[in-house]
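Reviewing the structure listed below.
Sequence lines set the chain letters: A, B, ... in the order given, protein chains first and strands last, and positions in each chain run from 1.
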Amino acid sequence: MISAFFIFNQKGEVLISRLYRTDFKRSIADVFRIQVVSNPDVRSPIITLGSTSFFHVRVNNLYVVAVTKTNANAALVFEFCYRFINICKSYFGKMDEESIKNNFVVVYELVDEINDFGYPQNSEIDTLKTYITTESVVSATQAPEVSSRITAQATGATSWRRNGDDVKYKKNEAFVDVVEVVNWMGSAKGTTLRADVDGHIQMRAYLSGTPECKFGLNDKLVIDRGAAGLSGPSSGLADRGGGDAVELDDCQFHQCVRLNDFDADRSISFIPPDGEFELMRYRATSNIKLPLKVIPTVTEIGTTKVSYDITLKTTFSPKLSATNVVVRIPTPLNTTDVDVGILGTGKAKYVPAENVIVWKIPRLQGGQECSLSAMAKLTSTTTRQVWARPPIDVDFQVLMFTASGLIVRFLKVFEKSNYHSIKWVRYLTKANGGYQVRELT
Amino acid sequence: MSQQGQDAKFFQRGKIEEFRAELHAAETKDKKFVKRKTVLKKIVANITMGTDMSPLFPDVVQCLGTPLLEIKKMVYLFLVSYGRSKPDQIHLVIPNFLQDCNDRNPLIRALAIRTMSYIPIPVVTEALSDNLRHALKDRDPYVRKTAAICVAKLYSADPRKAERGGFVELLRDLMLDSNATVVANAVAALSEIGDRQDGVIFKLNLATANKLLAAIPESSEWGQIYILDSLLRYVPEKHADAEIMAERIIVQLQHGNSAVILTTIKALLYLMNYMENRQLIDYICKKMGPPLVTLLSSGPEVQYVALRNILLIIQRRPTVLKNDVRVFFCKYNDPIYIKLAKLEIMYRLARAENAKEVLAELQEYASEVDLDFVRKAVRSIGRLAIKVEAAADDCIQALLDLIDTKVTYVVQEAVIVIKDIFRRYPGKYEGIIPNLCENLDALDEPEAKASMIWILGQYANIIDNADELLDDLCYTFLEESTEVQLALLTAAVKLFVYKSKADKAKELVHKVLKWATEEADNPDLRDRGFMYWRMLAINPTVAGEIVLSEKPPITTDSDRMDRGALDQLLLHTGTLGSIYHKNPETFIRNAAGKALKDSPALNAHSRAVLIPLARTQLPPMAPIVVPGPGPTEPQAQSSPVAPLPPSKSDNADLLAPQVQPQSGPTSQDPDDTLHDQYEADDDEPPPTRQASDLDPYSNLGNAFGNYLADEPQPMTSRRHADEDELLF
C-alpha cells in the first residue's frame, strides 16, 4: 500500500509531504525530483526503481505523488490521487500551487483523514466537510453527540450524505446535466474510422432530508443476458426503451447507486449526495449522430505549396446551434506564410508558432455550412523534416443535443415529508480534442 | 463553500531558535491561540520543506494542552514526523495520548490511537496496547475502523508482540462486525498481515467469504476493493461455490471506481479457474469487456493501468474484447505510454477480418514523430504479416512504401521485420530483396545491419552481387559490433557454400575467417570461426548441408505467454505486477507471490499447468544473452522444454542449408494453430504439445528481436547495491 504521499510544484519543491509508513525517509522525495520532475522525457506515470515505485498524476503544474514498496493496486493508487484532487478542488475552489500552500494545514488534515497507513478511507466530500473545516474548531466545545453523528455517517451505508435532518432547502431542486464528449476520427476521404461517445450525467441535488431518487433513461439493454443461460427471461428487457431507445455499451455509477437494483431490473435508484456529483458515466458506439461534418481537401502543389479547402456542415436541427467552434488545421513545418479566405462565418489566421491555421466560428446554426480555403507557401528545405501530419481538430459545443440520442425519461424524488421538487435537465455535446479528421495528402 | 486560506507566507525557512522564542512568547497573552497557531504553521511548513524541526520537540509538545483541535492536529503531525527519533522524550506526551484515548468524542479517540500507532517505538506501543484492545470494541464504528488499521501498524512494528497480545484474533472477530466499513478495514489489515513473509496466514472459508460479500453494498468504494481483493484467499471446493460467488460480485463491474472494476475482474478471473459451467464463463467474459473499454475514458494514468491489464486478460480469455480492436486505435494526442500499450493490444486483436483496418492505422502511426512509437508501429506491421497470412501481401507493400520514405529508423525497422517475413513465407517475397539492397547504406544499427546481412547470406544464390555487397560490408568488419560480426561470418560462409567456385567468395570467406579467428577478441566469434573453418576443411559438402539446412518455421505462437504463467500473473490483476507483466516477488523485495491453489474444483487444465510458488531471492541473476544474427537465443524459460535435437537447435539456422523454396505454406499452418489457440481459452487439458515443444521458437520471448525492449519495466537496481543507498 501507499507508503508516502507528496505534492510537488513544477520546480520540484515539496508542498505536502506525508509519510504513512516508516519504510521511507522524507529524502525519498529527492529521488522523485531527479527521476521525474527534472527529467524532460518521462514516459510513464509509474516509475519503479528497485523495489520502490512512484505513481504520479499531474494537475495544473503540480505533481500528486504516491510512493510504495509493495505490489500496490495501481488502479487504487491513481483513483486515490484523482479523489484527492477532487477534494482539493471542492475545498479550495481550485487545485494549484497557491491554493495548496494557502491551505496546507487543512490539506494535512485531509491527507491524514482520507488515508490511514496507506489504505484509502472514507473520502466522500460531503461528509469530510462536516468535520474537517477551514474554520477553527475548539475541541472541547464540540459535543460528542455531534461527533457521533459524523462518525456514524463516515462509516455508514450512505457515507456520502449528511444526516437527513441536517439538509434543508427552501426550494427543492435537482439539476441534471447530460454531457457527452463525442470522439470522431474521419479519414481524409470523409469516411468514419471511429466514432464514439463518452457521456456522463452530472447532477446537482439541492433536496431536503433523505430523498430517494429514481432515474430513467431511454436506454436499451445491450448485453443479452439470455445468452448466458442464466435464470430470468432473455427478452422483454431488451425492448424496454421503445423505438427511440439508445444502445449504451456500458455504464458505471456513483457509489450511491444500488448496483443490485440495476442488475435486477436496470433501474437506477439512489439517495444522492448533497450538491454536485457525477451520477453515472456511459459509453455508446452505435448510431452516433455526428453534429458536424468536416470535409477536407488538402492538395500538395509541387513542393512549395499546399492548398486547403475545408468545409464544415452542421447536421442538427436549425433550432440548435454549435458554439465556440474552433478548427485547427496543421500546416507543414516549413510553412512560411498562409493566405486564408473564408466563405460564410468566422475568422481565420495562421499561427506560425504552432504551425496551424486557426479558424474560429462563434456560432454555427443548424443546417448551415461554411468553408475555408487557404494556401500555404513552403520554403524549400534541403533536409527532410519529419512532420507527423497531425489531424485537423475541431472543437465545439452544441446545447440541447446528444450525439448518442440519450434522453432522460424521468427523475422521481420520494421523501418522507413529501415535498414538491423541481427538476431541470440540460444536454450538452462537445468535442474534447478527439474530434478529428486526417489530412492525408 | 470554498474559502481560501492565506498561509502561503509560512513557506519560509526559519531558525529553530526563532521558533522556540515565538512558542515561548505565545504562552502568555495569546488570545484565541492565534500566536501558537501561527508558529505551529511555520513549523509544519518547515517540516514540509525538509528542515529538521526535531529539536523543538519539548517546546511543541507543550502546546498539546491547548484546547484547539487544529493545534492538536498540528502537534500530532509533528509527533508522527519526529516521535520515532525521540524515544527519550516521548513519555512527555503519553499522558495526553491516554487522555485522548478516553475522550468522549469518538473522533478524538480515533485520532489518538491513529497517531500513537504511527509512532512505532516500544514506549508508545506499550501504552497503546490496552487502549487499542478497548478501541477494537468501542461502541463507535469510526473508532473500530481506525483501530483495525492500528493493528496492522502494530503488527508491522512488532509482529510477535501483536500476536501475543491477541490482536490478530480480535481483528478476525471484527470481520463479523455489523458495520461494513469496520469489516473492510479488518480485511485490509488481515491481508496486510497475511502478505508478510513472517505473518500469520490469512485464508477465508466459504462462510466468512459470504459474510464479507454481504458487506460489499454498504462499504465505501475503497472497502469494496479490500473485500473483493480478499476473495482470492478463498479456495472454492466446489464448482457451484465459485459460480455463485462470481454471480454475486459481477454487479460491481458497474461501479464508477476503476479500482473496484479491476479488482472485481481479478476476482472473477480467479473464480473462473474453479468453474465448470461453460455458459457462465462465457457470460462473465462478455460482461467484462465493456467495463474494460470504459476505463479508456478515465484519466490517462488509469487508462494505462487498464491497457496493460487488458493485454494480459485477452491472452488468457481471448473472447473478452475479441471484436473491439477499434477502441484501441491510438488518438493523436494520447500520451506516448498509452500509444505504445495500445499498439500491443491492436496486434493481439488483429485477425484476418480486421487486418485491413489495423494495417491502415499502423501505417498512419508510422508517420508520427515519436521514435519509439514509429518503430514499434513498423515492427507491428511486420508482425501482422507473420500473424495473419491473408494480410501479408498488404503488409509487405506497406513496408516497401515505408522503405521508400528513406527515413533511416523506419527503414531499419522494416528490414528487421522483413527478415522474419522471409522466414515465415519462404519463396514468396524474395523478389523485394533489390529494394532492400538499395538501402544498405542507411543501416547503421547493429540489429538492422545483422538482419540485412542475414538476408544477403541466406539468399546469396539469388542475389547476383551478393559477393560485392558482403565484401563492402566487410570493410569495417573489425569495428562492427559482435552481433554484426557474427552475421557477417555466417553470411560469408553461406556465400561460399553457394558459390564455392567463385574467387571472390573464396577470398571473402578466407578473409573473414582469418579475422574472426585471429583478430577478434570475442570468444563466440572466434569459436564460430574455428568451427566453420574446420567444417569447410573436412567436408565442404556436409558443411553446406549443415549451414543451409532447413529452418524451422517462424510462428507467432511464441509471443503468447505461457498459460500457467498467465494464470499466476492474473492473480495480480490491477497491481504493479500487472503493469510490468512480472510476478511481484521477482522485482519487489519481500513481496508475496501468489499461486492458484489446488482443490477438487480447479479445472484440469489449470491444474496441469499450475506453477507452484517459489520463493525467489532478489535480486535475480540477469540471464546471459548472447546476441547473434537471426532470432536471439531463448532466454531463461519458465517451463521445461524438451531437449532439442541438435539438428534443429536454434543455431541450426546459422549453421546451414539450402533455401528450398517451398511450395505453399508449411504443412501445419501456423496461422491455424494460432486461431485454434485463440478460441482455446476453454479449460480442457491441452492437446499434447508435439511440434511446438520441439520448436525452438516456442517460448521464445523475443523471436522477433527485441521488440519487447520498450516494454515498461522496473529499472533494475545494481546487483548487490543496497537499494536504500540508491534511495538515500
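- Neither the backbone nor the side chain of Pro335(B) comes within contact range of chain A; no heavy atom of the residue lies under 4.5 Å from a heavy atom of that chain.
- Of the atoms belonging to Arg84(B), it is side-chain heavy atoms, and not backbone ones, that fall under 4.5 Å from chain A.
- Between Leu193(A) and Glu361(B), some side-chain heavy-atom pair lies under the 4.5 Å cut-off.
- With respect to Arg589(B) and Asp23(A), no salt bridge is recorded, no charged nitrogen being found less than 4.0 Å from a carboxylate O.
- Proximity to chain A (any heavy atom under 4.5 Å) is shown, for Ser81(B), by neither the backbone nor the side chain.
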Please walk me through it: do Gln252(A) and Asn257(B) pass side-chain hydrogen bond (donor to acceptor under 3.5 Å, both in side chains)?
-> CA-CA 8 Å; Gln252(A) 295 180 342; Asn257(B) 184 314; over 6 Å; no
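- Side-chain atoms of Ser159(A) and Thr181(B), non-hydrogen and from C-beta on, never get closer than 4.5 Å to each other.
- Atoms OG and CD, from Ser220(B) and Glu124(A) in turn, are 8.0 Å apart once rounded to the nearest 0.5 Å.
- Counting heavy atoms from C-beta outward, Thr155(A) and Arg144(B) have side chains that stay 4.5 Å or more apart.
- Interatomic distance, CD of Gln255(A) versus CD of Gln224(B), reported as 5.0 Å (0.5 Å rounding).
- The contact between Val305(B) and chain A is made entirely by side chain atoms (from C-beta outward), counting heavy-atom distances below 4.5 Å.
- In this structure, the side chain of Tyr118(B) engages the main chain of Phe117(A) through a donor-acceptor pair within 3.5 Å.
- Not counting sequence neighbours, the partners of Leu77(B) by the side-chain contact (heavy atoms from CB on, under 4.5 Å) test are Arg18(A), Tyr108(A), Val44(B).
- Taking 4.0 Å as the cut-off between side-chain N and carboxylate O, Asp116(A) and Lys153(B) count as a salt-bridged pair.
- Per-residue heavy-atom pair counts under 4.5 Å with chain A were compared for Phe33(B), Tyr337(B), Phe10(B), Phe329(B), and the maximum is reached by Tyr337(B).
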I would like to know whether Glu192(B) and Arg21(A) meet salt bridge (charged side-chain N to carboxylate O under 4.0 Å, His left out); could you show each step before the answer?
-> CA-CA 13 Å; Glu192(B) 159 118 12; Arg21(A) 293 182 178 226; 2.7 Å; yes
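- Phe78(A) and Tyr304(B) have their aromatic ring centers separated by at least 6.0 angstrom.
- Closest heavy-atom contact between Pro300(B) and Tyr82(A): N-OH, 3.9 Å.
- In this structure, the portions of Thr146(B) lying under 4.5 Å from any heavy atom of chain A include both its backbone and its side chain.
- Interface remark: Leu253(B) contributes backbone atoms only to the contact with chain A (heavy atom separation under 4.5 Å).
- Distance alone, capped at 3.5 Å, places no donor-acceptor pair between the Asp7(B) side chain and the Asn103(A) backbone.
- Proximity to chain A (any heavy atom under 4.5 Å) is restricted, for Phe11(B), to the side chain, taken from C-beta onward.
- Atom CD1 of Ile132(A) sits about 11.5 Å away from atom CD of Glu70(B), to the nearest 0.5 Å.
- Here Arg114(B) pairs with Asp112(A) in a salt bridge; the nearest charged N to carboxylate O distance falls below 4.0 Å.
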Checking side-chain contact (heavy atoms from CB on, under 4.5 Å) for the pair Lys331(B)/Asn183(A): CA distance, chi angles, key distance, verdict?
-> CA-CA 10 Å; Lys331(B) 294 180 183 158; Asn183(A) 300 301; 4.1 Å; yes
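- By the 4.5 Å heavy-atom criterion applied to side chains, Pro217(B) and Leu259(A) are not counted as neighbours.
- The distance from atom CG of Asp196(A) to atom CZ of Arg326(B), rounded to the nearest 0.5 Å, is 10.5 Å.
- Asp261(A) pairs by the salt bridge (Lys or Arg N to Asp or Glu O under 4.0 Å) definition with nothing, not counting sequence neighbours.
- One finds the CG atom of Leu295(B) at 9.0 Å from the CZ atom of Arg283(A) (value rounded to the nearest 0.5 Å).
- For Tyr76(B), no part lies near chain A; criterion is any non-hydrogen pair under 4.5 Å.
- Heavy atoms closer than 4.5 Å to chain A are found in the side chain of Asn185(B), but not in its backbone.
- Taking CZ of Arg109(B) as the start and OG of Ser147(A) as the end, the distance is 9.0 Å to the nearest 0.5 Å.
- Residues Leu262(B) and Glu79(A) have side chains not in contact (no heavy-atom distance under 4.5 Å, counting atoms from C-beta outward).
- Neither the backbone nor the side chain of Val374(B) has a heavy atom closer than 4.5 Å to any heavy atom of chain A.
- Heavy atoms of Asp370(B) lying under 4.5 Å from chain A belong exclusively to its side chain.
- Residue Leu296(B): no heavy atom, backbone or side chain, is found under 4.5 Å from chain A.
- Of the candidates Thr70(A), Asn73(A), Ile46(A), Val77(A), Ile46(A) is the only one forming a side-chain contact (heavy atoms from CB on, under 4.5 Å) with Leu576(B).
- The side-chain heavy atoms of Asn122(A) and Lys145(B), taken from C-beta on, include no pair separated by under 4.5 Å.
- Both the backbone and the side chain of Ala45(B) come within less than 4.5 Å of a heavy atom of chain A.
- Side-chain N or O atoms of Glu218(B) include none that pairs as donor or acceptor with a backbone N or O of Gly156(A) at under 3.5 Å.
- For the pair Tyr226(B) and Leu76(A), the minimum side-chain heavy-atom distance is below 4.5 Å.
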